[in-house]
Amino acid sequence: MKRTLIKHVLASTEYGSTVMVAGWVRTRRDSKGGFSFLEINDGSAFSGLQIIVPGELDNYESDVLRLTIGSAVAVEGELVESPGAGQSVEVHAARVRAFGFADPEEYPLQKKRISFEKLRELAHLRARTNTFGAVARVRNALAYATHKFYQERDFLYLHTPMITSSDAEGAGEMFQVTTLDLAAPPRLDGEVDYSEDFFGKPTYLTVSGQLGAETYALALDRVYTFGPTFRAENSNTRRHLAEFWMIEPEVAFADLADNADLAEDYVRYLFRYILDRCSDDLEFFNKWVDDGLLARLASITDTDFERITYTEAVEVLEKADAEFEYPVNWGADLQSEHERYLTEVAYGKPLIVTDYPADIKAFYMRRNDDGKTVAAMDVLVPSVGEIVGGSQREERHDVLLDSIRAKGLPEEHYWWYLDLRRFGSVPHSGFGLGFGRLVQFATGMQNIRDVIPFPRTPNSAEF
Ligand code: ATP
Ligand code: MN
């Protein structure tokens, strides 16, 4: 018989029909009347399915009474409208097949709550908990909605390389990729001889797909990437990972205002999508993780984002009646505490901050006429802070070359990027949205390590 996912069984009204389901046991209660209740979950829905197992089954004692939390089981039986509160249907088992058991003395995920910190050490099992199942479903819905959003708007999905020889952010926070023997690398005049390395030169894991996306936007008009990026920054914060996924749209003939419109439309589209499709999971997060979550998501879908310049943001922060750990002054980068004050306290809604000082932003951002700022934008949201970073790109060859030199970057690495400004250059813009931060915002989960299956952070790459 063909198996049905529990989410479809829960939505079915075909009472009296026979169904087959399979999953992992969440609870087992044995009744005095000689039968048992099982709740099983297969991850397809937040809720599990209640199964009633009669004691008359051949393997009732040998198997059913050994099913404890975490055991795997398949059940065939009749779909029945449930008399009990809390579920609409249940299954009266005619056959139960036990797969792997889970010794309750050994299996770590028993009834009592385990901290998220502890669960990180059990990353191979944590997907079986309510929280991590819900995170996985919301993450999946946001990924699907991302493709849907861009495909509906005629963007081309682009795969940019993970191994690169150029530093897209110019920040030097890259992991090196090499096949050289680290204990005894080949040397030439005392220096490591990279001509003997796999690619014949030093290479790294990419920090962004943007530069590659620009080459395609300048031919195919609008593209987006959605892939992993890597940063060897030693930020042990609750919103940084060493490996994280980023979505990077890039659009030709688009200026900074167009870029901000796109980011706002996209973010609002995502939250509307999950409010419509993931209500059980979001209600769970609202109840157990962050009681302001649903209100915050709903308010984002129907409020326009505020748009202010960096200079205005600094003025607001200087006047703020708040104690900041880091001082605020024009020219300094906004810290997470400043970003959160602006979006949570000062404006009470998502914020797009534009026109940052050139000195704190990447070389490729378009220089403004004031000579001090660039056409950058960050989208800030409550609780998480920066979720999107983007800009209008410098399309003028000589200005770009000047910025590369001013930042002390090796201009010979960027010859192809400069070429784009020599042939058919046009104004163009794009941004990067950190997928982990998005999932954090969408679920209310405090730590980015708990919204990706296997987090990579300094000193941690287990599994
Ligand atoms: P931050 O100042 O928060 O470190 P950034 O300015 O370095 O961010 P960008 O280079 O603009 O970030 O990257 C684009 C987006 O990628 C950010 O808005 C953020 O959502 C996400 N992001 C950046 N670094 C990380 C990281 N280490 N882990 C997870 N997400 C990140
Ligand atoms: Mn960073």
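Atoms within each ligand, like the ligands themselves, are counted from 1 in listed order. We use all heavy atoms of the structure for the numbers below, so side chains are in, but hydrogens, waters and symmetry mates are not. None of the values given here were measured: they were computed from a predicted structure.
- Take E344 and apply the side chain to side chain contact (heavy atoms under 4.5 Å, CB included) test, not counting sequence neighbours, and it matches R340, P382, S383.
- Atoms of ligand 1 found under 4.0 Å from any heavy atom of I387 (numbered from 1 in listed order, with element): 18 (O), 20 (O).
- The pair D450-R238 does not meet the salt-bridge criterion, since no charged nitrogen lies less than 4.0 angstrom from a carboxylate oxygen.
- Figure legend: R456 and F230 shown without cation-pi pairing, the cationic atom not lying both under 6.0 angstrom from the six-membered ring centre and within 45 degrees of its axis.
- Which of E386, Q440, M377 comes nearest to atom 18 (O) of ligand 1 through a heavy atom is settled by distance: it is E386.
- Heavy-atom contacts of I448 reach the following atoms of ligand 1: 29 (C) (cutoff under 4.0 Å).
- Applying the ring pair (Phe, Tyr, Trp, His ring centres under 6.0 Å) criterion to Y269, with sequence neighbours excluded, gives F149.
- In this structure, Y326 has its ring center at least 6.0 angstrom away from the ring center of H338.
- On a distance-only criterion, M246 and ligand 1 share no N/O pair closer than 3.5 Å.
- Remark: ligand 1 atoms within the under-4.0 Å shell around heavy atoms of G432 are 14 (C), 15 (C).
- When the options E248, E233, R231, E173 are ranked by their closest heavy atom to atom 10 (O) of ligand 1, first place goes to R231.
- Considering R139, K287, R137 as possible partners of D281, the one that fulfils the salt bridge (Lys or Arg N to Asp or Glu O under 4.0 Å) test is R137.
- Counting heavy atoms under 4.0 Å from ligand 1, residue V388 touches it through the backbone alone.
- Closest heavy-atom approach to atom 25 (C) of ligand 1 within the set F244, F435, W245: this belongs to F244.
- With ligand atoms numbered from 1 in the order given, ligand 1 contributes 11 (O), 18 (O) to contacts under 4.0 Å with heavy atoms of G389.
- Aromatic pair F324/Y341: centroids less than 6.0 angstrom apart.
- When the options R239, R456, H240 are ranked by their closest heavy atom to atom 4 (O) of ligand 1, first place goes to H240.
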